[in-house]
Amino acid sequence: MKKYSKGKMKLKRNIIFLAMLFVTLLLVGIVMLFAFCFRNSIEVESQTSDAQNVSDDVAQNSLPIVVDNMVIGATYENRWVSANKYFLKSNNKSDIDIYVYNSNIRAGKYQIKDLYTREDAVFVNTTYPNYIDEYFALSQDTNYAVESQLKEVSQEEKDYQYVKKALGFYRLYNSSIKINNVYSGYLNSSTPIRIISVTSSKKGIVGGIYSAIIAAYPNENTSKIVQYSYTKDLDNADDFPIYSLEFLADFNGDGNAELVTREVKEFEVEYNIFECKDNKYTRVLNEKIKLN
C-alpha cells in the first residue's frame with residue numbers, strides 16, 4: 001500500500017492550481033488579443049444630452065452661442081441649451097446684441113439680424129462684416145474670452161510625455177505620436193493649461209491610425225483625453241475625424257473656460273463645446289455641417 005506524504009500532496013495541489021491559473025490567463029490573453037487585433041474603431045469622449053432636455057422656460061430665455069455664423073447652442077443662467085431647442089423655443093432670435101471675438105481679441109459689438117436653417121443646422125445673419133476670419137460670438141460681454149490668453153506655442157519634449165500619459169492603454173493600438181499644434185491658455189484665473197492636437201505619425205502594429213485632443217495641466221504634471229478616435233479600416237474611413245482646437249473661452253459665464261473643437265470628416269464638419277467639471281471633460285454642445 002502506497003503512502004503519500006503531506007508534502008507531495010501539497011505539491012500536487014499547487015501544480016494543479018498553477019496549471020489552472022495558467023490556462024485561465026492564456027484564455028483571457030487570447031480573448032484580449034482577439035479583441036485588440038479585430039477591433040476596427042474606437043471613440044473616446046464623454047458627452048451629455050442635458051442641453052436637449054432643458055425646460056421650455058430655460059429655452060425661451062436662452063441666448064445664442066455662435067461660431068462662424070452657425071449657432072452651436074445657447075445658454076441661460078449657466079445652463080446649456082441645444083441649437084435646435086433654442087431655435088424652436090427662444091424669444092431671443094433677432095435684433096440681439098452679440099459680442100464678437102476673433103482669435104481671442106474682442107472685435108466689437110454687433111447684432112443678429114435673423115436666423116435660418118440649412119441641412120438641420122441653424123445659422124445667423126449678422127451685422128459683423130468679417131466673413132474671412134474664424135470667430136465666436138456671445139450675447140453677453142465678457143473679458144474672460146481675452147483673459148484665457150489662448151495662443152499657439154512651440155511644442156516641447158514635455159508635450160510628448162503629456163500625450164503618452166493621456167493615451168495610456170490606447171497606445172497599444174498605435175504608439176506613434178505626431179504633434180500638430182500646441183496651445184497655451186488658462187482654464188480659469190489660476191489654472192494654466194496646454195491643449196495638444198495630435199495624430200499618429202504612422203500605422204500601428206495592426207494597421208490603425210488615430211487622432212486626438214489632449215488637455216495637459218503643467219502645475220500638476222497631468223494630462224487627459226478630451227477626444228480620441230482610432231480606426232483600423234482605412235479603406236472605409238469616411239467617418240474618421242481629424243480633430244483641431246478652435247477656441248478656449250468662458251461661454252456660459254461660470255468663470256471656467258470651455259473648449260471648442262472641430263472635427264473634420266469626409267462628408268461633414270462638426271463643432272463641439274467641452275466643459276471641464278470634476279476633473280473631466282464632457283461634450284455639452286455639438287452641431288454638424290454637411291459637406292456637399
Side-chain angles (χ1 to χ4, degrees), residues 45-102 104 106-115 117 120-128 135-150 185-191 193 215 226 246-261 270-288:
E45 67 177 31
S46 176
Q47 55 184 295
T48 176
S49 59
D50 289 353
Q52 301 170 12
N53 300 319
V54 296
S55 67
D56 287 351
D57 288 341
V58 171
Q60 285 170 4
N61 291 286
S62 62
L63 293 164
I65 298 170
V66 179
V67 175
D68 297 343
N69 285 9
M70 183 170 73
V71 177
I72 304 299
T75 62
Y76 177 66
E77 294 185 342
N78 296 347
R79 301 283 299 276
W80 302 105
V81 179
S82 70
N84 181 61
K85 193 135 192 179
Y86 161 78
F87 180 72
L88 293 175
K89 299 291 185 178
S90 179
N91 296 323
N92 305 307
K93 298 177 186 175
S94 62
D95 299 324
I96 302 300
D97 290 339
I98 54 172
Y99 298 88
V100 174
Y101 297 88
N102 185 323
N104 278 11
R106 188 178 184 278
K109 179 180 176 181
Y110 299 90
Q111 277 197 327
I112 291 177
K113 294 191 294 184
D114 55 52
L115 307 180
T117 60
D120 298 326
V122 181
F123 292 87
V124 296
N125 287 315
T126 74
T127 58
Y128 179 56
Y135 76 92
F136 69 90
L138 306 175
S139 297
Q140 62 273 2
D141 193 9
T142 171
N143 288 328
Y144 197 72
V146 178
E147 289 174 358
S148 62
Q149 298 176 19
L150 180 67
Y186 284 85
L187 192 62
N188 52 48
S189 58
S190 61
T191 308
I193 190 173
V226 179
E246 297 301 300
F247 301 106
L248 174 70
D250 182 7
F251 288 90
N252 66 345
D254 67 352
N256 293 299
E258 288 79 39
L259 275 64
V260 178
T261 70
E270 186 167 356
Y271 289 87
N272 310 283
I273 293 183
F274 283 87
E275 179 181 46
C276 185
K277 274 192 174 180
D278 300 322
N279 211 27
K280 179 181 179 181
Y281 282 92
T282 301
R283 188 178 74 180
V284 292
L285 294 173
N286 81 298
E287 287 296 314
K288 301 176 183 178

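Residues: numbered from 1 along the sequence shown. Excluded from the calculations below are hydrogen atoms, water molecules and symmetry mates; all remaining heavy atoms, backbone and side chain alike, are included.
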TODO: Could you tell me whether the side chain of Ser62 and the main chain of Ser90 form a donor-acceptor pair under 3.5 Å?
DONE: no

Task: Exercise: identify the closest heavy-atom pair between Lys113 and Thr126 - done: CE-O, 3.8 Å

Open item on the list: Would the distance check show the side chain of Tyr128 and the main-chain N or O of Tyr99 forming a donor-acceptor pair, the cut-off being under 3.5 Å?
Closed with: no

Open item on the list: Main chain of Ala121, side chain of Lys288: is a donor-acceptor contact present, judged purely on distance under 3.5 Å?
Closed with: no

TODO: Check whether any side-chain N or O of Asp97 sits under 3.5 Å from a backbone N or O of Gln111 as a donor-acceptor pair, and report yes or no.
DONE: no

Task: Gap between atom NZ of Lys89 and atom OG of Ser82 - 0.5 Å precision - done: 11.5 Å

Task: Inter-residue atom distance Asn125.CG - Asn69.CG, 0.5 Å rounding - done: 7.5 Å

Task: Side chain proximity check, Glu270 to Asn286, heavy atoms < 4.5 angstrom - done: yes

Task: Asp250 side chain to Asp254 backbone, donor-acceptor under 3.5 Å - done: yes

Task: Distance flag, aromatic centroids of Phe251 and Phe136, threshold under 6.0 Å - done: yes

Open item on the list: If you apply the rule side chain to side chain contact (heavy atoms under 4.5 Å, CB included), what do you find for Val71 with Phe123, and how did you get there?
Closed with: CA-CA 6 Å; Val71 177; Phe123 292 87; over 6 Å; no

Task: Atom of Leu187, atom of Cys276 and distance for their closest heavy-atom approach - done: CD2-SG, 4.1 Å

Task: Gln52 backbone acceptor or donor facing Ser49 side chain under 3.5 Å - done: no

- [ ] Of all the heavy-atom pairs spanning Lys85 and Asp56, show the shortest one and how long it is.
- [x] CE-OD1, 3.7 Å

Open item on the list: Main chain of Asn92, side chain of Tyr86: is a donor-acceptor contact present, judged purely on distance under 3.5 Å?
Closed with: yes

TODO: Flag yes if more than 12 heavy atoms outside Asp120 fall under 6.0 Å of its CG atom; otherwise flag no.
DONE: no

Task: For the student: nearest non-hydrogen atoms of Val226 and Glu45, plus distance - done: O-CB, 3.7 Å

Task: Spacing of CD belonging to Glu287 relative to CG belonging to Asn272, to within rounding of 0.5 Å - done: 10.0 Å

Open item on the list: For a 4.5 angstrom cut-off between non-hydrogen side-chain atoms, does Val66 reach Tyr135?
Closed with: yes

Task: Worked check of side chain to side chain contact (heavy atoms under 4.5 Å, CB included) between Tyr271 and Leu285 - done: CA-CA 8 Å; Tyr271 289 87; Leu285 294 173; over 6 Å; no

TODO: Let me see the working for Ile65 and Leu138 under side chain to side chain contact (heavy atoms under 4.5 Å, CB included), right down to the final yes or no.
DONE: CA-CA 5 Å; Ile65 298 170; Leu138 306 175; 4.2 Å; yes

Task: Minimal non-hydrogen separation, Ala215 against Ile193, with atom names - done: CB-CD1, 4.2 Å

Task: Heavy-atom pair with the smallest gap, counting every atom of Gly255 and Asn188 - done: O-CB, 3.6 Å

TODO: Determine, step by step, whether Val284 and Thr48 satisfy the side chain to side chain contact (heavy atoms under 4.5 Å, CB included) criterion, reporting the C-alpha distance in whole Å, the side-chain angles of both residues, the deciding distance to 0.1 Å, and the verdict.
DONE: CA-CA 6 Å; Val284 292; Thr48 176; 4.0 Å; yes

Task: CD on Glu258 to CZ on Phe274, rounded to 0.5 Å - done: 12.0 Å

TODO: Report the residue from Asp95, Ile98, Thr127, Leu63 that forms a side chain to side chain contact (heavy atoms under 4.5 Å, CB included) with Ile112.
DONE: Ile98

Task: Positive for side chain to side chain contact (heavy atoms under 4.5 Å, CB included) with Arg79, one of Asn61, Val58, Asn252 - done: Val58

